[in-house]
Amino acid sequence: MVGIGYDIHRLKQGETLILGGVSVPSPAGTVAHSDGDVLAHAIIDALLGAASLGDIGDHFPDTDEKYKNANSIELLIFIHNFIKNQRYKIVNIDTTIVLEKPKLAHYKSEIRANLAKALELDMCQVSVKATTNERLGNIGNNEGIAALAVCQLDYLNK
């Protein structure tokens, strides 16, 4: 089974930028109900989509105050355990972060390691890539950030 996830958030000066559970130094961070970790959110949707178990809003609605400022890595771990209980196993995850600034080259390895640990995977099963939007649109104007994720799951019959 394969799933695709996508998330996007506005950026605002003075807010925190968290990607894959890693705080990335930046003058602008995400505006969100939770901690705004677009990468974790995209992975959650990819996992849920591959298992046909809904989407992030079904499980963690932004209208529920209990998820206000929620740690997205904890939400990701919860969903990982949820799909494991449904007898799914993650084969691999491939992600792309779309952001003009800051450049993420120095953070990708730490983000990969953090995601692999949270999902009980080897680093070789987690890919984190970054690209810009070539200064086009809201993301290109440093007004937003997006993340895409694709995952493959195996269904364990036993």
Q: Before giving the answer on side-chain contact (heavy atoms from CB on, under 4.5 Å), spell out for Leu153 and Ile83 the whole-Å C-alpha distance, their side-chain angles and the decisive distance to 0.1 Å.
A: CA-CA 9 Å; Leu153 301 180; Ile83 67 167; 4.0 Å; yes

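- Counting only distance, with no hydrogens or angles, the side chain of Glu100 and the backbone of Arg135 share a donor-acceptor pair below 3.5 Å.
- A donor-acceptor distance shorter than 3.5 angstrom exists from the side chain of Asp37 to the backbone of Gly20, with no hydrogens or angles considered.
- No donor-acceptor pair under 3.5 Å is formed between the side chain of Gln152 and the backbone N or O of Asn92.
- Atom-to-atom distance recorded for Tyr155:OH and Gln86:CD is 8.0 Å, nearest 0.5 angstrom.
- Looking at heavy atoms from C-beta onward, Leu47 lies in side-chain contact with Ile43 at the 4.5 angstrom threshold.
- Although no hydrogens or angles enter the test, the distance criterion places no donor-acceptor pair under 3.5 Å between the side chain of Glu15 and the main chain of Lys12.
- Of all non-hydrogen atoms in Tyr107 and Pro25, the two that sit nearest each other are OH-CD, 3.4 Å.
- Scored by the side chain to side chain donor-acceptor pair (under 3.5 Å) test, Glu74 finds no partners at all (sequence neighbours excluded).
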Q) What's the verdict on side-chain contact (heavy atoms from CB on, under 4.5 Å) for Leu115 and Ile93, showing C-alpha distance, side-chain angles and the deciding distance? A) CA-CA 10 Å; Leu115 291 170; Ile93 295 172; over 6 Å; no

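- Panel note: side chain His9, backbone Thr30; no donor-acceptor pair is recorded below 3.5 Å.
- Arg87 places a side-chain N or O within 3.5 Å of a backbone atom of Leu156 that can act as its donor or acceptor partner.
- Rounded to the nearest 0.5 Å, atoms CD (Glu110) and CZ (Arg112) are 13.0 Å apart.
- Under a 3.5 Å cut-off, the side chain of Asp58 and the backbone N or O of Asp55 do form a donor-acceptor pair.
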For residues 126-133, which side-chain N or O atoms pair as donor and acceptor with protein atoms under 3.5 Å away, sequence neighbours left out?
| residue | atom | partner | partner atom | Å |
| --- | --- | --- | --- | --- |
| Ser127 | OG | Asp94 | OD1 | 3.0 |
| Lys129 | NZ | Asp94 | OD1 | 2.5 |
| Lys129 | NZ | Asp94 | OD2 | 3.1 |
| Lys129 | NZ | Thr95 | O | 3.2 |
| Lys129 | NZ | Thr96 | OG1 | 3.3 |
| Thr132 | OG1 | Glu134 | N | 3.2 |
| Asn133 | ND2 | Leu136 | O | 3.0 |

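- In the hydrophobic clustering of ILVMFWY residues, with side-chain heavy atoms under 4.5 Å counting as a link, Val38 and Val150 come out apart.
- Applying the side chain to side chain donor-acceptor pair (under 3.5 Å) test to Ser72 and every residue at least two apart in sequence or in another chain returns Asp35, His41.
- Formation of a donor-acceptor pair under 3.5 Å by the Asn138 side chain with backbone atoms of Glu143 is not found in this model.
- Taking the six-membered ring for Trp, Phe78 and His59 have ring centres at least 6.0 Å apart.
- Evaluated for a side-chain contact (heavy atoms from CB on, under 4.5 Å) with Leu99, the options Leu104, Val24, Ile139 yield exactly one hit, Leu104.
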Q | side-chain contact (heavy atoms from CB on, under 4.5 Å) between Asp7 and Leu148, intermediate numbers included | A | CA-CA 7 Å; Asp7 195 35; Leu148 301 102; over 6 Å; no

(Q) Does Ile73 form a side-chain contact (heavy atoms from CB on, under 4.5 Å) with Ile77? I'd like the steps, not just the answer. (A) CA-CA 6 Å; Ile73 288 298; Ile77 291 168; 4.0 Å; yes

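- For the pair His80 (side chain) and Glu120 (backbone), a donor-acceptor distance under 3.5 Å is absent.
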